[in-house]
Each structure stands twice: as structure tokens, then as C-alpha cells.
Amino acid sequence: MAKETEIKEVEAVAVSLEEFLLSNPVNLEDEVKISDRIPFMFKIRAMDSATYAELQKKYTKMYRKGKMSFDGSGFNIGMILECCISPNFKSADFVKKSGAITPEDAVRKVLLPGEIVNLAGFIQELSGFDKDTEELKDEVKNC
């Protein structure tokens with residue numbers, strides 16, 4: 001019964017899409033477990049549009065004649081550095097204790113490749129990249 005009341009109150013707050021978007025900031029956080037090897041949770045935040053654009057620009061190289069390449073591994077590590085709250089891989093103390101020289105090297109040194117991909121995947125999911133457009137179209141049709 002309490003859940004029904006709670007849902008009705010939430011629905012009453014947002015009368016339109018505009019009101020919903022304006023009253024729900026995109027500062028989402030979550031705690032995730034990335035592998036069986038690590039018995040701790042990682043605290044992450046959603047990537048904002050500015051961070052996404054910055055990472056896209058940093059890890060995309062343009063060449064002559066319109067050719068380009070994208071460094072997906074670098075993008076994943078950059079996303080982890082920007083969106084992982086705990087542990088703070090950018091902390092000078094963390095980098096030093098890991099025996100690495102840069103935060104990027106620290107991530108590579110303390111996490112397995114699959115763990116990097118998993119952590120980046122959780123950040124992407126929290127940032128809204130969890131569903132493809134076909135899934136979203138099907139959900140809208142079923143409403």
C-alpha cells in the first residue's frame with residue numbers, strides 16, 4: 001500500500017516530460033561488483049555529456065582523406081578515471097602505491113582486462129547506454 005502511494009506522489013510531481021527532465025538531474029551514482037576476484041564494490045557515477053564529448057575527442061584520431069581510428073581501450077580507461085568515485089584511480093597516492101607512473105597505468109596494473117571492460121560497461125549502463133534503439137522502440141509500443 002505504501003508503494004502505491006509513493007508511486008502516485010511521484011507521478012503527481014512530474015506533469016510533463018519537460019517538468020520531469022528539469023526536476024531529475026543526471027547525477028546518478030551506483031555501487032557495482034566487477035568480478036569474483038575483487039571482494040569489494042566500486043562506486044561509480046554516470047558520465048555527463050561534457051565528459052563523453054571530451055573522451056570521444058581525446059580517443060578519436062583523424063587522418064588524411066577522412067580516415068579515423070578510435071582507441072576503445074583508452075576510452076574505457078579514460079571513462080573509468082573520470083567516473084569511478086571509489087577507488088579514486090586519479091589520486092596521486094593511489095598511483096604511487098600501485099607502482100605506476102600515470103593513473104592510466106595504475107588502472108592497467110591493478111585490474112585485469114576483463115575487469116576494465118566490466119567496470120566501463122557498468123559506467124556506460126548507468127550513463128544511459130544500456131539499451132539499443134530497437135529495445136526502446138519496443139518498450140514505447142508496449143506502453
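Remember, predicted model here, so these are calculated numbers, not experimental data.
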**Q** Return yes when atom NZ of K33 has more than 12 non-hydrogen atoms of other residues, nucleotides or ligands closer than 6.0 Å, and no otherwise.
**A** yes

**Q** To the nearest 0.5 Å, what is the distance between OG (S73) and CD (E104)?
**A** 10.5 Å

**Q** Within the 4.5 Å heavy-atom criterion, are M47 and L55 side-chain neighbours or not?
**A** yes

**Q** Please check: side-chain N/O of S23 versus main-chain N/O of F20, any donor-acceptor pairing under 3.5 Å?
**A** yes

**Q** Can you give me the closest heavy-atom contact between A46 and L126, atom names plus distance?
**A** N-CD2, 3.5 Å

**Q** Show your reasoning for whether side chain to side chain contact (heavy atoms under 4.5 Å, CB included) applies to F70 and K61.
**A** CA-CA 6 Å; F70 180 70; K61 295 196 183 209; over 6 Å; no

**Q** Does atom CG (L21) have a neighbourhood of more than 12 heavy atoms from anything else shown, all under 6.0 Å?
**A** yes

**Q** Would you list the pairs meeting ring pair (Phe, Tyr, Trp, His ring centres under 6.0 Å) in which at least one residue belongs to residues 33-69, sequence neighbours left out?
**A** Y52-F129

**Q** Using every non-hydrogen atom in the two residues, find where C84 and P87 come nearest and quote the distance to one decimal.
**A** SG-O, 3.4 Å

**Q** Quick check: do F89 and V110 have side-chain heavy atoms less than 4.5 Å from each other?
**A** yes

**Q** Going by heavy atoms in the side chains, are I123 and I80 under 4.5 Å from each other?
**A** yes

**Q** Working to the nearest 0.5 angstrom, can you tell me the gap between L112 CG and L119 CG?
**A** 12.5 Å

**Q** Do V107 and L81 touch side chain to side chain, with heavy atoms closer than 4.5 Å?
**A** yes

**Q** Report yes if some heavy atom in the side chain of I38 is under 4.5 Å from a heavy atom in the side chain of S35; otherwise report no.
**A** yes

**Q** Determine whether I34 and L111 make a side-chain contact, defined as any pair of heavy atoms from C-beta on separated by less than 4.5 Å.
**A** yes

**Q** Taking all heavy atoms of S98 and all of A106, pick out the closest pair and write down the distance.
**A** OG-CB, 3.5 Å

**Q** Got a sec: does the CE of M62 have more than 12 other heavy atoms crowding it under 6.0 Å?
**A** yes

**Q** Take Q124 and N76, measure what side chain to side chain contact (heavy atoms under 4.5 Å, CB included) needs, and give me the verdict at the end.
**A** CA-CA 9 Å; Q124 289 175 339; N76 283 345; 4.1 Å; yes

**Q** Under the criterion side chain to side chain donor-acceptor pair (under 3.5 Å), I'd like the reasoning laid out for E82 against T51: C-alpha separation, chi angles, the key distance, then a yes or no.
**A** CA-CA 8 Å; E82 294 302 319; T51 302; 5.1 Å; no

**Q** Kindly indicate whether the side chain of I44, heavy atoms from C-beta on, has any atom under 4.5 Å from the side chain of E29.
**A** no

**Q** With rounding to the nearest 0.5 Å, note down the distance linking CG in D71 to OG in S69.
**A** 7.5 Å

**Q** State plainly whether the residues D105 and R108 are in salt-bridge range, i.e. N to O under 4.0 Å.
**A** yes

